[in-house]
Protein chains: 2
Amino acid sequence: MLDAIISEHGRDLTCAVGENLFVQGDRSDFVYFVKAGLLKASYLGADGREQIKTILTPGMAIGSMTALTSDGRCSFGVQAVEESIVRAVPYSMLRSAAAEDLSSAQEVIEILADLARRKERREYELLCLSAEERYLLYLKEVAPRAPSLSQMDIAAYLGITPPALSRIRRRHGMTQQPKHE
Amino acid sequence: MLDAIISEHGRDLTCAVGENLFVQGDRSDFVYFVKAGLLKASYLGADGREQIKTILTPGMAIGSMTALTSDGRCSFGVQAVEESIVRAVPYSMLRSAAAEDLSSAQEVIEILADLARRKERREYELLCLSAEERYLLYLKEVAPRAPSLSQMDIAAYLGITPPALSRIRRRHGMTQQPKHE
DNA sequence: AGGCGTAATTAACCCGGGTTAAGTGCGATG
DNA sequence: CATCGCACTTAACCCGGGTTAATTACGCCT
């Protein structure tokens, strides 16, 4: 089964806070399985602005599809928000395992289907929800599993700037700590 | 191989302009392979607003991942923009073919990986690009394959309203036909 | 030909988010 | 303890997109 391949050919990596698993532009052909911790996958704009694509929590898998399947470079990077442990496996290893063993193939299909499902949902949120609605959804579904995210990161995840997030929080009465003169 | 399963268990559907392949809320467990024509996959908001998720051209496959894998309902619908021909195959058929035959499994993996790659790109565009940038990208990459799309549909694909699209087009000097008094 | 319905454009106004800058609180560091 | 830096908040202003409504153009139907 696939677990055996992952155990044999994969290796555990420990990421300190702020450490990059890989950065935008890299040629990483690895798939990473998050075992513990918290990481963020993000795009870095030419102007230095960061947009967070995915908040990664244990149980999730990540890899740049374009880098994996088109011999391209990673269109985004992954950085640890908390100390994290991930298992890195070359995508080619998964593919060859799937090419030789039926049950491994099923598991790869499951992983890809799960990835597609998550992306489908994210696409819906970005396309159909307002920033405020996305924040409320974030509070309900992501925040419980990522309590250590900064407001900056939350804003980058929602696709807005920190001041915009602050305004939304203010409207909901969840700020008001510093009393600006 | 998978083609045989698709030929045997799938069936061709012909969609007239405006016809729905399936609508939001359906329990469709089919995957559709576009053979000819042009279709759109879209979310319908409670207020009746349409947001187009994907423009479907020949060679692409579509299906609601949440409906396929979580026994849920389709989160979006698919409608023909031009007269189209699609081949419908139950997802369960693909899965069982992939469970019995290694080469079929590889093909299913290819289909899912391609889907994930497309979604990854779309996610990037929605998260990082402005409406204007998305329109320019649309002109370069989608328009050539979908010349019959209305401005309404283009706007819905970009996530904006027709007036907003008109303003963008005006800025680029690509309008000016009707001279509004 | 005349009339209707719809798509596309434009205008006017509003609102939400971006930008910039300033102020506040807090933790790390010396 | 004092200072520095950074995250967070707020304010002021601008700009782009939403909303609504009016106008034009065009296809379709009778």
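Note on naming: letters A, B, ... go to the chains in the order of the sequence lines (proteins, then strands), and numbering restarts at 1 for each one.
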Polar pairs (N or O, both sides) under 3.5 Å between protein and nucleotides 16-20 of chain D?
from, atom 1, to, atom 2, distance (Å)
dG17(D), OP2, Arg171(B), NH2, 2.9
dG18(D), OP1, Arg49(B), NH2, 3.3
dG18(D), OP2, Thr161(B), N, 3.1
dG18(D), OP2, Thr161(B), OG1, 2.8
dG18(D), N7, Arg167(B), NH2, 2.9
dG18(D), O6, Arg167(B), NH1, 3.1

> What distance separates Lys53(B) NZ from Ser42(B) OG, expressed to the nearest 0.5 Å?
Replying inline: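 Nearest 0.5 Å value for the NZ-OG distance: 10.0 Å.
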>> So, taking the atom named CZ in Arg134(B) and the one named CD in Glu125(B), what distance separates them when rounded to the nearest 0.5 Å?
In response: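 These two atoms lie 8.5 Å from each other.
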> Does the distance from a Lys or Arg side-chain N to an Asp or Glu carboxylate O, for Arg121(A) and Glu141(A), drop under 4.0 Å?
Replying inline: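 Judged by the 4.0 Å cut-off on N to carboxylate O distance, Arg121(A) and Glu141(A) do form a salt bridge.
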> Taking the inter-plane angle between the rings of Tyr43(A) and Phe76(A) on a 0 to 90° scale, is it parallel (under 30°), tilted (30 to 60°) or perpendicular (over 60°)?
Replying inline: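 The arrangement is perpendicular - the two ring planes meet at more than 60°.
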Scan the side chains in residues 146-165 of chain A for donor-acceptor partners under 3.5 Å anywhere in the protein, sequence neighbours excluded, and list what turns up.
from, atom 1, to, atom 2, distance (Å)
Ser148(A), OG, Glu82(A), OE2, 2.5
Ser150(A), OG, Asp153(A), N, 3.2
Asp153(A), OD1, Lys40(A), NZ, 3.0

Between atom [atom1] in [X] and atom [atom2] in [N], what is the gap in whole Å?
X: Ile154(B); N: dA7(C); atom1: CD1; atom2: P; value: 14 Å
X: Gln151(A); N: dA7(D); atom1: CD; atom2: C1'; value: 9 Å
X: Leu149(B); N: dA7(C); atom1: CG; atom2: P; value: 14 Å

> Are Thr69(A) and Arg117(B) close enough that a side-chain donor and a side-chain acceptor fall under 3.5 Å?
Replying inline: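 Judged by distance alone, the side chains do pair up.
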> Heavy atoms under 4.0 Å, any strand shown: does Ser150(A) hit a base, just sugar-phosphate, or nothing?
Replying inline: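 The answer is sugar-phosphate, as Ser150(A) gets under 4.0 Å only of primed atoms, P, OP1 or OP2.
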